[in-house]
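First comes the structure, then the notes that go with it.
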Number of protein chains: 2
Amino acid sequence: METRIDRIKKQLHAASYKLTPQREATVRILLDHEEDHLSAEDVYLLVKDIAPEIGLATVYRTLELLTELKIVDKINFGDGVSRYDLRQEGAAHFHHHLVCLECGAVDEIQEDLLEDVEAVVEKRWNFQIKDHRLTFHGICWRCHDLGADKPEKDA
Amino acid sequence: METRIDRIKKQLHAASYKLTPQREATVRILLDHEEDHLSAEDVYLLVKDIAPEIGLATVYRTLELLTELKIVDKINFGDGVSRYDLRQEGAAHFHHHLVCLECGAVDEIQEDLLEDVEAVVEKRWNFQIKDHRLTFHGICWRCHDLGADKPEKDA
DNA sequence: TTACTAGTTAAGAATGATTCTAAATAATAA
DNA sequence: TTATTATTTAGAATCATTCTTAACTAGTAA
């Protein structure tokens, strides 16, 4: 069976890049931490466990390459650090985030909620949308005073 | 008549801060460049013209203070630099941005397009929204090949 | 084999944005 | 007045990120 790694390897080859051991180790870390919004430093520390000889600059270069190929999304929550997420396979758009002002948790929303809004923007501002970033800041269900319910699982 | 500066002075006083000459000069620069998305460095260079003795650290501190008081919005387009905009008076929410991938222009959308989306998110994810950030990336009307029309003015 | 080429790497230096430190100054209160 | 507190400047320090250099690797041709 073709694994996710195999498909990423193909994507690299299609763009004339190789899946070097360092790159593969980096991708494996990202696969093992799909929802964790790791910073470059985080990735570096984790990758060092499975490929101790790797350099921080290589991690940065690899993440940049993967971002260019749209295999990962580079995100920025305004804390001065870029974070990297593996993009959902086949997803045309970036997913959205819920950032809790209380506990700092970052939850993800996979659905595209913006279809209607995008139609308005494209028409009204004559702007051809390629991608979007949407983040909500507020209080998550865990931090509500009482009677907080866990939301239904992402559809 | 009460000016914008006067109102900002009151907001500072209400939070036990003073409108020092350096802070006033910084605010004046922001007022003169309302739609320009200035970086801290930009603000510093401009402010130096009207208050040459000011230090860069003071500009950073002032912008941080104004951000805390929600007088300015601190934004981040992912280029490693924070930018600062005076918030529309009375606006509860951040405005949105259209970032052109071609020419780098950043246009603003003042309307709140997200009322419906927010209602869904609050209910579905049990998340109490305080603010949001929405940015579209794409091709602006100026960069379209032909027949590009300037959009209607912001309502 | 040998050389040649292009891509990739590690290490550490360099950069650039931002924050911190220390000493000075200004405003305020007693 | 004195004491206290907030604010400032200048420059040092920090931190994330990028750049530079030289070494290394795989592939290819002779």
Side-chain angles (χ1 to χ4, degrees), chain A residues 8-29 37-69 71-85, chain B residues 8-29 37-69 71-85:
Chain A
I8 289 172
K9 187 171 181 177
K10 281 187 185 170
Q11 286 182 263
L12 283 168
H13 284 166
S16 319
Y17 294 104
K18 291 170 219 158
L19 185 62
T20 64
Q22 293 86 346
R23 286 175 184 166
E24 179 168 344
T26 304
V27 169
R28 285 195 188 284
I29 292 302
H37 309 295
L38 301 175
S39 68
E41 182 84 22
D42 294 335
V43 173
Y44 173 64
L45 293 174
L46 289 165
V47 125
K48 264 201 141 355
D49 289 341
I50 60 174
E53 79 295 347
I54 202 170
L56 177 58
T58 299
V59 171
Y60 270 104
R61 253 181 287 111
T62 300
L63 292 172
E64 191 190 347
L65 175 61
L66 295 172
T67 302
E68 268 168 35
L69 297 179
I71 293 166
V72 315
D73 283 317
K74 180 176 179 179
I75 43 182
N76 208 306
F77 294 128
D79 58 354
V81 193
S82 294
R83 294 166 189 285
Y84 301 85
D85 282 0
Chain B
I8 289 171
K9 185 170 182 177
K10 280 187 187 170
Q11 286 181 263
L12 284 168
H13 284 166
S16 320
Y17 294 104
K18 292 168 220 157
L19 185 63
T20 65
Q22 294 86 344
R23 287 174 183 167
E24 179 168 341
T26 304
V27 169
R28 286 194 187 284
I29 292 302
H37 310 294
L38 300 175
S39 68
E41 181 84 22
D42 294 335
V43 174
Y44 173 63
L45 293 175
L46 288 165
V47 135
K48 264 200 138 3
D49 290 340
I50 60 175
E53 81 295 348
I54 202 170
L56 178 57
T58 300
V59 171
Y60 270 104
R61 254 181 287 110
T62 301
L63 292 171
E64 191 190 347
L65 176 60
L66 294 173
T67 302
E68 268 169 34
L69 297 180
I71 294 166
V72 314
D73 283 318
K74 180 177 180 178
I75 42 182
N76 208 307
F77 294 127
D79 58 354
V81 193
S82 294
R83 295 166 189 284
Y84 301 84
D85 283 1

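This structure is a prediction, so every number in the text was calculated from the model and none was measured. To find a chain, count down the sequence lines: A is the first, B the second, and so on, and within it residues start at 1.
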Taken in chain and number order and not counting sequence neighbours, the residues that satisfy side chain to side chain contact (heavy atoms under 4.5 Å, CB included) with B:Gln11 are B:Ile8, B:Ile71
A:Asn76 CG to D:dA16 C1': how many Å, rounded? 11 Å
Could you pull out all residues at least two apart from A:Ser39 that satisfy side chain to side chain donor-acceptor pair (under 3.5 Å)? A:Asp42
Give the B/S/- string for nucleotides 18-30 of chain C, one per nucleotide from 5' to 3', where a protein heavy atom under 4.0 Å of the base yields B, of only the sugar-phosphate yields S, and otherwise -. BBB----------
Rounding to an integer number of Å, can you tell me how far B:Leu65 CG sits from D:dA6 P? 13 Å
d(CD, A:Glu53; P, C:dT8) in whole Å: 16 Å
Given atom CG of A:Leu19 and atom C1' of C:dT8, what is their separation to the nearest angstrom? 13 Å
Can you list everything that forms a side chain to side chain contact (heavy atoms under 4.5 Å, CB included) with A:Leu46? Sequence neighbours excluded, please. A:Ile29, A:His33, A:Leu38
Shortest non-hydrogen separation from B:Ser82 to B:Asn76 and the atoms involved: OG-ND2, 3.8 Å
Value in whole Å for how far the P atom of D:dT8 lies from CG of B:Leu63: 12 Å
Applying ring-ring contact (aromatic ring centres under 6.0 Å, His included), name anything that partners B:Phe77, two or more places apart in sequence or on another chain. B:His37, B:His97
Between A:Thr20 and C:dT9, is there a side-chain N or O to OP1/OP2 distance below 4.0 Å? yes
Could you give the OH-to-C1' distance, from A:Tyr17 to D:dA26, as a whole number of Å? 17 Å
Whichever of A:Arg23 and A:Tyr44 has the more 5' nearest nucleotide on DNA chain C, that residue is A:Arg23
With A:Gln22, which residues qualify under side chain to side chain contact (heavy atoms under 4.5 Å, CB included), at least two apart? A:Thr20, A:Glu53, A:Ile54, A:Thr58
How long is the line joining CD of B:Gln22 and C1' of D:dT7, in whole Å? 8 Å
